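Since the structure comes first, as structure tokens, the remarks are kept for the end.
Keep in mind that what you see is a predicted model, and the values were worked out from it rather than measured.
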Amino acid sequence: MDFRYSTEQDVFGASLRGFLFDLAPASRVREVAATPDGHDKGLWQRLCTELELTALHAPPEYGGAGATLEETAIAFRELGRALTPVPYAATTFAIDAVLRLGDQEQCKGLLPGLLSGEKVGALAAAGPDDSDPSGVRVRADRRDGRILLTGECAAVLHGHVADLFVVPAVTDGAVVLHVVAADAPGVTVRRLPSFDITRPVAALWLSGAPAEALTAGPPQEVHRVFDVARTLLAAEMLGGAEACLDLAVEYAKTRRQFDRPIGSFQAVKHACADMMIEIDATRATVMFAAMSAARDDGLAVAGPLAKAQAADTYALCAGSAIQLHGGIAFTWEHDLHLHFRRAKATAALFGSSAGNRALLADRAGL
């Protein structure tokens, strides 16, 4: 496995970084976070139509770009670096679920709206046990030839603006993913307070809501959907960690104390070096997981590993960068706190670091 991006992939990442630098600065992120929807609709449409971010790893027959999950991971990395306030993670997870488990008719019916950005999707799962029947709180019942879902899903990313949900529900003792329209009868959605102000969450209540099962793929694809989500979130956290290091280094070069830049002090150098070492390790882990996902090989081990490593690295970099900035960074108004909040909130999605390492050990037979 070659741990290098191609020239085209490097150019794509750099272009997206420049695009977001111009259109999603921290001031704009804070402005959007204060709105009722909590996401930038104009930027979202441009990302979907001009850059085709949601269509990256979808096949051309459904309107996709025909790339791989490696390119999607690069996009997550850059959006995580900028904390871009758009429902990219939620919609991409829903798209991947439909691609892996939907039949041809379902893909043709559901994907065009999601890929174009016309509709926002959401995977109504973010906990550690969403592929384990004992941990899923939604059940599916068959009545008069219809599938009806009943239960609750909490902390659904961008759930309050979603047009459709992909919901894990227990059917005959197994977890099956189902598609539910947001405007269907029996569906109630309410936005919840979120520690991460740049990415809102919502609670979803289902009371006999009509649903459509995604069962075209093999049952193990349900686990792969969650492992892909872990991998992409790891890429997003990698970008956030890199942003924290960049902010810390820039401040260390310009802040002077005792007539010297504080970056000349050994303790500051060591802190930045520690961040860089962890970022390098995380970068390799995320690349391995993304390549494993693209090749459908080894993702069951690489996904939880990447998520755990990236979560710890992001938390370390956000905390260290705040320390290096001194008293000014302890105010909530400082931009580093946006990363601190994102690091803490994302670390809890799809299992904690300890939970993902335990899952890794189980899958590796340790």
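- Between His325 and Tyr251, the ring planes lie parallel to each other; the angle is under 30°, not in the 30° to 60° tilted range.
- Between the side chain of Gln323 and the backbone N or O of Ala271, no donor-acceptor pair lies under 3.5 Å.
- Taking all atoms of both residues into account, the shortest heavy-atom contact from Asp335 to Ala26 is OD2-CB, 3.3 Å.
- Shown here is Glu61, whose CD atom has more than 12 heavy atoms of other residues, nucleotides or ligands within 6.0 Å.
- Here the side chains of Val120 and Trp44 are in contact, with some heavy-atom distance below 4.5 Å.
- Cation-pi check for Arg341 over Phe195 is met; the charged atom lies under 6.0 angstrom from the ring centroid and within 45 degrees of its normal.
- Every pair passing side chain to side chain donor-acceptor pair (under 3.5 Å) that includes a residue from residues 233-250 is listed here, sequence neighbours excluded: Arg77-Glu242, Arg81-Glu242, Arg199-Glu236, Glu236-Arg342, Glu242-Arg283.
- Around the CG atom of Leu192, the shell of radius 6.0 Å holds more than 12 heavy atoms that belong to other residues, nucleotides or ligands.
- In this structure, the side chains of Val222 and Pro168 stay at 4.5 Å or more apart for every pair of heavy atoms.
- Residue Gln220 places its CD atom among more than 12 non-hydrogen atoms of other residues, nucleotides or ligands, all under 6.0 Å distant.
- Residues Arg46 and Leu23 are in side-chain contact: their nearest non-hydrogen atoms beyond the backbone lie under 4.5 Å apart.
- A salt bridge does not link Lys269 to Asp274: none of the charged side-chain nitrogens sits closer than 4.0 Å to a carboxylate oxygen.
- In this structure, Ala24 and Val29 approach most closely via the heavy-atom pair O-CG2, 3.9 Å.
- The existence of a salt bridge linking Asp40 and Arg28 is confirmed by a sub-4.0 Å separation between a basic side-chain nitrogen and an acidic carboxylate oxygen.
- Side chains of Phe350 and Leu359 form no contact here, defined as non-hydrogen atoms less than 4.5 Å apart.
- Using a 4.5 Å cut-off between side-chain heavy atoms of Ile, Leu, Val, Met, Phe, Trp and Tyr, with links allowed through other members, Val167 and Val189 fall into the same hydrophobic cluster.
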| field | side chain to side chain donor-acceptor pair (under 3.5 Å) between Gln309 and Thr285, worked out | value | CA-CA 8 Å; Gln309 172 70 26; Thr285 307; 5.2 Å; no

| field | Pair Glu212-His178, side-chain contact (heavy atoms from CB on, under 4.5 Å): steps then yes or no | value | CA-CA 5 Å; Glu212 185 177 357; His178 298 76; over 6 Å; no

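- Gly159 approaches Phe165 most closely through the heavy-atom pair O-CZ, 3.4 Å.
- In this structure, CG in Leu111 is found 11.0 Å from NZ in Lys119, a value given to the nearest 0.5 Å.
- Between Leu360 and Val301, the closest side-chain pair of non-hydrogen atoms falls below 4.5 Å.
- With no hydrogens or angles considered, no side-chain donor-acceptor pair links Thr68 and His57 at under 3.5 Å.
- Distance check: Leu115 CG to Thr91 OG1 gives 10.0 Å after rounding to the nearest 0.5 Å.
- Pairing each heavy atom of Val180 with each of Ala211, the nearest pair is CG2-CB, 3.7 Å.
- A distance of 7.5 Å separates NZ in Lys307 from OG in Ser352, rounded to the nearest 0.5 Å.
- Put simply, the side chain of Leu79 reaches to within 4.5 Å of the side chain of Leu53, judged on heavy atoms.
- When Asp141, Leu206, Leu204, Val187 are each tested for a side-chain contact (heavy atoms from CB on, under 4.5 Å) with Leu149, only one passes: Leu206.
- Side-chain N or O atoms of Arg100 include none that pairs as donor or acceptor with a backbone N or O of Pro218 at under 3.5 Å.
- Grouping the Ile, Leu, Val, Met, Phe, Trp and Tyr side chains by contacts below 4.5 angstrom, directly or via other members, places Met276 with Phe265.
- A single hydrophobic cluster is seen to contain both Val268 and Leu245, as judged by linkage of ILVMFWY side chains at heavy-atom distances under 4.5 Å, directly or through other members.
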| query | Which is it for Val138 and Glu152 under the side-chain contact (heavy atoms from CB on, under 4.5 Å) test, yes or no, and what are the steps along the way? | reply | CA-CA 6 Å; Val138 179; Glu152 176 186 349; 5.9 Å; no

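- Counting only distance, with no hydrogens or angles, the side chain of Thr84 and the backbone of Val86 share no donor-acceptor pair below 3.5 Å.
- The CD atom of Gln257 sits 10.5 Å away from the OG atom of Ser264 when rounded to the nearest 0.5 Å.
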| message | Pair Gln9, Thr7 - check side-chain contact (heavy atoms from CB on, under 4.5 Å), show working. | response | CA-CA 5 Å; Gln9 289 172 328; Thr7 301; over 6 Å; no

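- Not one N or O on the side chain of Thr150 forms a donor-acceptor pair closer than 3.5 Å with the backbone of Arg139.
- Residue Cys107 comes nearest to Leu99 through the heavy atom pair SG-CA, 4.4 Å, listed as atom of the first residue, atom of the second, then distance.
- Once rounded to the nearest 0.5 Å, the distance linking CG of Asp163 with CG of Leu110 reads 11.5 Å.
- Under the 3.5 Å distance criterion, with hydrogens and angles disregarded, no donor-acceptor pair is assigned to the side chains of Asp196 and Ser194.
- The closest side-chain heavy-atom distance from Ile279 to Cys317 is below 4.5 Å.
- Arg224 and Glu221 are joined by a salt bridge, as a carboxylate oxygen and a charged side-chain nitrogen come within less than 4.0 angstrom of each other.
- A distance of 11.5 Å separates CG in Leu232 from CD1 in Ile74, rounded to the nearest 0.5 Å.
- Under the 4.5 Å side-chain heavy-atom criterion for grouping Ile, Leu, Val, Met, Phe, Trp and Tyr, Leu238 is connected to Met275 within one hydrophobic cluster.
- A distance-only check finds a donor-acceptor pair linking the side chain of Asp103 to the backbone of Glu105 [under 3.5 Å].
- Ring pair His160/His158 is parallel by interplanar angle, where below 30° counts as parallel and above 60° as perpendicular.
- With hydrogens and angles disregarded, a donor-acceptor distance shorter than 3.5 Å links the side chain of Arg363 to the backbone of Ala300.
- Using the six-membered ring where Trp is involved, His339 and Tyr314 have ring planes that are perpendicular, over 60° apart on the 30 and 60° scheme.
- Between Asp22 and Arg17, none of the side-chain N atoms (NZ, or NE/NH1/NH2) sits under 4.0 Å from a carboxylate O, so this pair counts as no salt bridge.
- Around atom CD of Glu50, more than 12 heavy atoms belonging to other residues, nucleotides or ligands sit under 6.0 Å away.
- Within the 4.5 Å cutoff, the side chain of Pro261 has no heavy atoms near those of the Lys253 side chain.
- Linking ILVMFWY side-chain heavy atoms closer than 4.5 Å, directly or via other members, places Ile322 and Leu247 in a single hydrophobic cluster.
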| Hey, mind stepping through Leu157 and Tyr88 against side-chain contact (heavy atoms from CB on, under 4.5 Å) and telling me if it holds? | CA-CA 10 Å; Leu157 303 182; Tyr88 185 56; over 6 Å; no

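- Judged by distance alone, with hydrogens and angles left aside, the side-chain atoms of Arg143 form no donor-acceptor pair with the main-chain N or O of Arg146 at under 3.5 Å.
- Gly102 and Leu214 make their closest contact through CA-CD2, 3.9 Å (heavy atoms, listed as atom of the first residue, atom of the second, distance).
- With hydrogens and angles disregarded, no donor-acceptor distance shorter than 3.5 Å links the side chain of Asn356 to the backbone of Ala308.
- Without hydrogens or angle criteria, Thr346 side chain to Ala343 main chain gives no donor-acceptor distance under 3.5 Å.
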